[in-house]
Number of protein chains: 2
Amino acid sequence: MIRAHADTTNKETIMASEQIENYIKNIYKLSSNEGKVTTSSLSEKLQISPASVSEMIKKLAEERTLTHTPYKGVELTEEGKKLALRIIRKHRLWEMFLVEVLHFRWDEIDDEAERFEHIMSDTMEEKIDHVLGHPNIDPHGDPIPTRDGEIHCTMSYPMIESHPGMRVRVLRVSDSNSDLLKYVSSIGITLNKQIRIKQKMSFDNSLLVVINKKEINISSTIAENIFVETIEKE
Amino acid sequence: MIRAHADTTNKETIMASEQIENYIKNIYKLSSNEGKVTTSSLSEKLQISPASVSEMIKKLAEERTLTHTPYKGVELTEEGKKLALRIIRKHRLWEMFLVEVLHFRWDEIDDEAERFEHIMSDTMEEKIDHVLGHPNIDPHGDPIPTRDGEIHCTMSYPMIESHPGMRVRVLRVSDSNSDLLKYVSSIGITLNKQIRIKQKMSFDNSLLVVINKKEINISSTIAENIFVETIEKE
DNA sequence: TTATAAATTTAGGTTAACCTAAATTTATAT
DNA sequence: ATATAAATTTAGGTTAACCTAAATTTATAA
């Protein structure tokens with residue numbers, strides 16, 4: 001990689017370096033998934049040593065992207081949240097574009113978008129948004145924030161929490177593991193697919209479900225990563 | 001910018017850092033335009049101090065991307081040329097994509113592609129190539145190298161060399177200046193446009209030409225950047 | 001042909017982001 | 001309540017790519 005200066009080359013918005021963007025994005029994600037964000041959780045997520053993460057946190061706190069309570073954790077400021085949502089918007093718009101226009105599969109897109117989110121200009125963002133018709137979810141069902149930082153979360157819950165007899169609709173599949181995505185689509189699960197829950201296996205918490213009229217066993221790990229809404233309680 | 005290590009994150013091909021790619025690409029370009037490539041010409045083109053360029057040249061020579069004759073100049077090795085053509089291919093494919101699919105203007109695309117060429121995966125390259133139907137020129141008329149490094153240059157010459165009475169066809173417009181591109185399209189010049197040369201002004205070398213039945217004066221600078229083929233000598 | 005100018009290289013220094021090891025603080029478990 | 005473990009921070013060091021200033025080499029012009 002390359003230049004070690006703040007980024008004036010790129011884009012319209014005066015923005016942070018690629019790596020700082022990664023920190024900000026992942027702080028946002030950890031914060032919305034786990035609630036609090038610690039040095040170690042960030043370190044784990046970014047695969048960067050706790051020492052380095054600690055340093056970077058200090059720096060980001062100084063430039064008011066986040067607030068830091070030493071030994072406790074961090075929280076993005078309003079400014080930081082805006083940046084995060086902007087990056088996430090670019091990431092998800094690009095994922096959508098890859099699927100819709102370039103016919104990538106949903107398990108191929110995350111890595112591509114991971115790189116592209118940092119170089120996407122505002123013009124680009126707008127053109128893509130326009131071509132796609134202002135989508136509000138990405139190919140995994142994750143909401144796409146608006147340009148000014150609003151994000152509408154759909155009301156879904158992990159399928160593992162559903163009960164036998166229910167009919168549910170898939171609203172989101174976690175994009176955290178591309179092999180999982182690949183497997184999930186191989187058994188016929190796509191967004192909006194309806195699934196009937198037949199049975200919950202007590203020994204391993206796996207589910208016996210019906211998809212496309214076929215009975216399939218879904219492991220608890222997978223069921224934790226598929227988010228659904230109830231359409232019939234039975 | 002970001003990580004200071006050689007690039008393992010990205011893409012299928014094990015590739016050089018973003019900045020090294022820039023050196024390689026611009027060495028290739030200088031070499032095909034000016035013939036020889038010196039430290040100062042590279043320094044000028046990249047807007048990086050001669051000292052830094054000199055250092056980088058040493059490094060690239062060590063890893064056999066180019067050969068360096070101290071105090072004389074550099075030349076890409078076969079390996080280096082292949083890398084260069086690969087980067088140029090990605091750049092030009094992306095420019096084509098921006099124009100054809102996202103409806104960018106030809107004066108907006110170079111900066112965008114400048115960034116994207118470095119993060120484009122091989123998969124991406126292929127998908128885009130496919131969607132575009134394997135184009136062999138980009139929106140400025142520059143040839144797009146094939147995946148294995150072949151490049152077919154069209155036989156064109158700068159319009160400044162044309163003579164009164166000729167009819168010529170625009171085959172390429174230099175992409176070196178986006179304002180020039182913007183101006184050129186504003187006077188109705190696009191690729192394949194036919195132009196009749198009426199007169200050559202001896203005092204400033206400008207040309208009086210007919211485009212779309214309208215008479216227009218074209219400065220020598222512009223005429224040097226528009227490349228044409230003769231379709232009628234008269 | 002030799003002095004000066006221009007181009008190039010080398011020397012020495014900076015910065016962002018990383019790292020390991022050591023020091024510190026907080027949490028946990030007897 | 002205190003000792004140990006875990007998490008965090010600080011200290012000190014590395015690397016790639018940049019820079020300016022000084023030294024060297026090559027080119028030019030009197």
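Labels below follow one simple rule: chain letters A, B, ... track the order of the sequence lines, proteins then strands, and each chain is numbered from 1.
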- Item | Paired stretches of DNA chain D - 3 or more consecutive Watson-Crick or G-U pairs, each distance under 3.5 Å |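 Looking at DNA chain D, the stems formed by three or more consecutive pairs are C:1-30 with D:1-30.
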
[N] phosphate, OP1 or OP2: any side-chain N/O from [X] under 4.0 angstrom?
{"X": "B:S52", "N": "D:dC19", "answer": "yes"}
{"X": "A:S49", "N": "C:dC19", "answer": "yes"}
{"X": "A:Q19", "N": "C:dA16", "answer": "no"}
{"X": "A:S17", "N": "C:dA16", "answer": "no"}
{"X": "B:T39", "N": "C:dT9", "answer": "yes"}

- Could you check which residues of residues 60-73 of chain B get a heavy atom under 4.0 Å from DNA chain D? Sort them by number, please.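 Correct list: B:Y71, B:K72.
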
Find the distance [X]:[atom1] to [N]:[atom2] and express it as a whole number of Å.
{"X": "A:L46", "N": "C:dC19", "atom1": "CG", "atom2": "C1'", "result": "15 Å"}
{"X": "B:M56", "N": "D:dT15", "atom1": "CE", "atom2": "C1'", "result": "13 Å"}
{"X": "A:I48", "N": "D:dT9", "atom1": "CD1", "atom2": "C1'", "result": "17 Å"}
{"X": "A:E44", "N": "D:dT8", "atom1": "CD", "atom2": "P", "result": "12 Å"}
{"X": "A:E55", "N": "D:dT8", "atom1": "CD", "atom2": "C1'", "result": "12 Å"}
{"X": "A:I57", "N": "D:dA7", "atom1": "CD1", "atom2": "C1'", "result": "12 Å"}
{"X": "B:L42", "N": "D:dC18", "atom1": "CG", "atom2": "C1'", "result": "15 Å"}

- Message: For B:S40 and B:S43: C-alpha separation, side-chain torsions, deciding distance, then whether side-chain hydrogen bond (donor to acceptor under 3.5 Å, both in side chains) applies.
- Response: CA-CA 5 Å; B:S40 46; B:S43 162; over 6 Å; no

- Message: So if I apply the salt bridge (Lys or Arg N to Asp or Glu O under 4.0 Å) rule between A:D122 and each of A:R147, A:R89, A:K90, which one comes out positive?
- Response: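 Among A:R147, A:R89, A:K90, the one that satisfies the salt bridge (Lys or Arg N to Asp or Glu O under 4.0 Å) with A:D122 is A:K90.
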
- Message: The criterion is side-chain hydrogen bond (donor to acceptor under 3.5 Å, both in side chains); which residues satisfy it with A:D179, sequence neighbours excluded?
- Response: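 For A:D179 there are no side-chain hydrogen bond (donor to acceptor under 3.5 Å, both in side chains) partners, ignoring immediate neighbours.
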
- Task: Would you please name every residue forming a side-chain hydrogen bond (donor to acceptor under 3.5 Å, both in side chains) with A:H68, sequence neighbours left out?
- Result: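 Per chain and number, A:H68 pairs via side-chain hydrogen bond (donor to acceptor under 3.5 Å, both in side chains) with no residue.
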
Please state whether the rings of [X] and [Y] are parallel, tilted or perpendicular, taking 30° and 60° as the class boundaries.
{"X": "B:F116", "Y": "B:W94", "answer": "tilted"}
{"X": "A:H130", "Y": "A:H134", "answer": "perpendicular"}
{"X": "B:F97", "Y": "A:F97", "answer": "perpendicular"}

- Message: Among residues at least two apart in sequence or on other chains, which ones pass side-chain contact (heavy atoms from CB on, under 4.5 Å) with B:N205?
- Response: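 Checked B:N205 against side-chain contact (heavy atoms from CB on, under 4.5 Å); matches are B:I160, B:K200, B:S220.
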
- Under the side-chain contact (heavy atoms from CB on, under 4.5 Å) rule, collect the residues that match up with B:S219, sequence neighbours excluded.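 Result, side-chain contact (heavy atoms from CB on, under 4.5 Å) vs B:S219: B:T221, B:I222.
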
